[in-house]
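Starting from 1, each residue takes its place in the sequence as its number. Only this structure's heavy atoms are used, side chains among them; waters, hydrogens and symmetry mates stay out.
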Amino acid sequence: MKLAAHWFLVAAVVALAAALPLSPAFGWAQTGSIIIAILAGGALTAWAFRRAGKRASATPSVGHGGARPADLQSPQIFALGKLFEATMGGMREGLLAVDSEMRVVASNPAAYQLFTFSEATLQSQRLTELTRNPAIYGAFAAALKGEERSGIRVETHGPDRRIFDLRVVPLTTGAGRAVQGAIGVFFDITKLERLEHVRQEFLSNVSHELRTPLTAILAFVETLEAGGINEEDTQRFLSIIRRNATRMHSLIDDILELSAIEAGNIQVKTEEIQLQYLVNDVITSLAAAAAMHRIALENKVNREVTVFADPRRLEQMLTNLVDNAIKFNRDGGRVVIRHENGLRDRIFVEDTGEGIPAQHLQRLFERFYRVDRARSRELGGTGLGLAIVKHLARVHGGEVVVESKLGEGSRFAIELPRRDPVSRLS
């Protein structure tokens, strides 16, 4: 490698060190460790070049050449190359350096994946040959004019859609600080974008779910304050206010419960449970709701069946599933709870309702997702029950799955490990 090329890499290292901490997608701990490695590489570079320069000036010329090739391929320069290669290869961020003619002079494996090129084909390519994205080209062109560009949003298209935040800075060398090239770092913010979308959707859903009962409560309070209402209507209005307040209370409880589970702030202590007795307790607690719709609740779990789980959490999961099976069943229908042995213990909750269309099954366990929003709100659901079941099952080391046929009903299955897993306290 020529000495000028070495200095180009030094400039790339310094520019990268400046670019990393300014990315919103990069944590300070990660930034610090990489910058330390980069600065160490820069220090080693300067020391190695000084040593190479001294040797070159002190060594007599051989023929028409200057310093001997062996001096320029010293162990220090070799070590520099290895350090630089390890640092760049270990980065998840795509790195792309171009010269003043927009040709690629340095890159890393993450950049190969970004542009779907191999290392051999990526090097020496013009930027216009790699991408026709005007945002990328414009950012590098501006950097070659001495301008820094950051916050450039870059999206890839295809089945594996990814989103990047691009920062490009100029590379300057020499006393005149002439721009010799540019280096760009592609920070993958795909997960951050998805999380932001989930957050916005969650806030929108929570606002909507709270607004509906609050509107009803305020309307009836204003009516009561106006006076002139007979005792019968007063009691009816108070009943509606209580029902909507209870709905809000349930929603907030479910939000707090789900947040605690997702954050790992719940304690799960598994033990051997007589499943039939626990199912009987669930049926007893929901018997009144089932009787209102003439729903028969059947416990078909054998007396000798035992499972390993947290009793309170398993009861919570089964209560949510059976309660849903009652709400979305037909009048005069059935809800059956059964158990099967296999690689895992499988606890089934089966109903004889209308069934769930296939296009909804994949999203059924998402927060606030409803197949029939109007009916769910009418029945008092918060839209969080199935999400809580999913997360509780996973905390146990298990899973929850669903099968459904239109016109025949649905079957939910809680899958639990057969042996006692390690109790978890996050």
Side-chain angles (χ1 to χ4, degrees), residues 201-262 266 278-297 312-333 335 349 351 353-354 364-392 412:
E201 187 177 34
F202 175 75
L203 291 176
S204 175
N205 284 324
V206 169
S207 300
H208 183 78
E209 294 295 333
L210 289 175
R211 186 184 299 114
T212 303
L214 274 175
T215 301
I217 290 172
L218 290 173
F220 285 108
V221 167
E222 290 173 0
T223 303
L224 289 172
E225 287 177 340
I229 303 173
N230 60 42
E231 182 65 22
E232 182 180 350
D233 286 339
T234 298
Q235 292 302 318
R236 183 168 61 87
F237 290 171
L238 289 174
S239 175
I240 294 173
I241 291 171
R242 175 182 291 277
R243 184 168 66 250
N244 281 281
T246 301
R247 177 180 168 187
M248 290 174 59
H249 189 275
S250 298
L251 175 62
I252 292 170
D253 281 348
D254 281 353
I255 290 172
L256 294 175
E257 177 80 3
L258 184 58
S259 297
I261 296 169
E262 289 181 336
I266 65 165
L278 187 142
V279 172
N280 282 335
D281 291 341
V282 172
I283 289 176
T284 299
S285 67
L286 296 171
M292 289 178 59
H293 301 282
R294 297 182 291 111
I295 305 294
L297 303 180
R312 186 170 74 87
R313 296 300 180 179
L314 180 56
E315 182 176 355
Q316 183 180 2
M317 287 189 278
L318 286 173
T319 298
N320 282 352
L321 293 180
V322 175
D323 185 41
N324 273 357
I326 294 170
K327 289 176 179 176
F328 297 99
N329 214 324
R330 298 167 174 159
D331 283 351
V335 176
V349 176
D351 65 60
E354 296 293 337
L364 202 59
F365 296 96
E366 294 180 11
R367 293 178 294 184
F368 295 112
Y369 189 80
R370 294 182 172 96
V371 176
D372 187 340
R373 290 182 176 272
R375 185 180 180 190
S376 180
R377 290 196 185 96
E378 180 185 344
L379 295 171
T382 63
L384 296 173
L386 291 179
I388 290 174
V389 172
K390 178 187 73 174
H391 286 286
L392 284 177
F412 290 80

Worked check of side-chain contact (heavy atoms from CB on, under 4.5 Å) between V335 and I283: CA-CA 10 Å; V335 176; I283 289 176; over 6 Å; no

With the side chain counted from C-beta on, respond yes when [X] and [Y] share a heavy-atom pair under 4.5 Å apart, and no when they do not.
| X | Y | value |
| --- | --- | --- |
| L386 | F412 | yes |
| D351 | N324 | no |
| T215 | R211 | yes |
| V279 | L318 | yes |
| I388 | Q316 | yes |

Nearest-0.5 Å distance, [atom1] of residue [X] to [atom2] of residue [Y]:
| X | Y | atom1 | atom2 | value |
| --- | --- | --- | --- | --- |
| L224 | I229 | CG | CD1 | 5.0 Å |
| L256 | L384 | CG | CG | 10.5 Å |
| H293 | K327 | NE2 | NZ | 9.5 Å |
| T234 | E232 | OG1 | CD | 10.0 Å |

Closest heavy-atom contact between [X] and [Y]?
| X | Y | result |
| --- | --- | --- |
| I295 | G332 | CD1-N, 4.1 Å |
| A325 | V349 | CB-CG1, 4.2 Å |
| I326 | A289 | CG2-O, 3.9 Å |
| E315 | L278 | CA-CD2, 3.9 Å |

Under the salt bridge (charged side-chain N to carboxylate O under 4.0 Å, His left out) test, residues paired with E257 that sit two or more places apart: R313

Donor-acceptor contacts under 3.5 Å from residues 235-245 side chains, at least two apart:
residue	atom	partner	partner atom	Å
Q235	NE2	E231	OE2	3.0
N244	ND2	I240	O	2.9

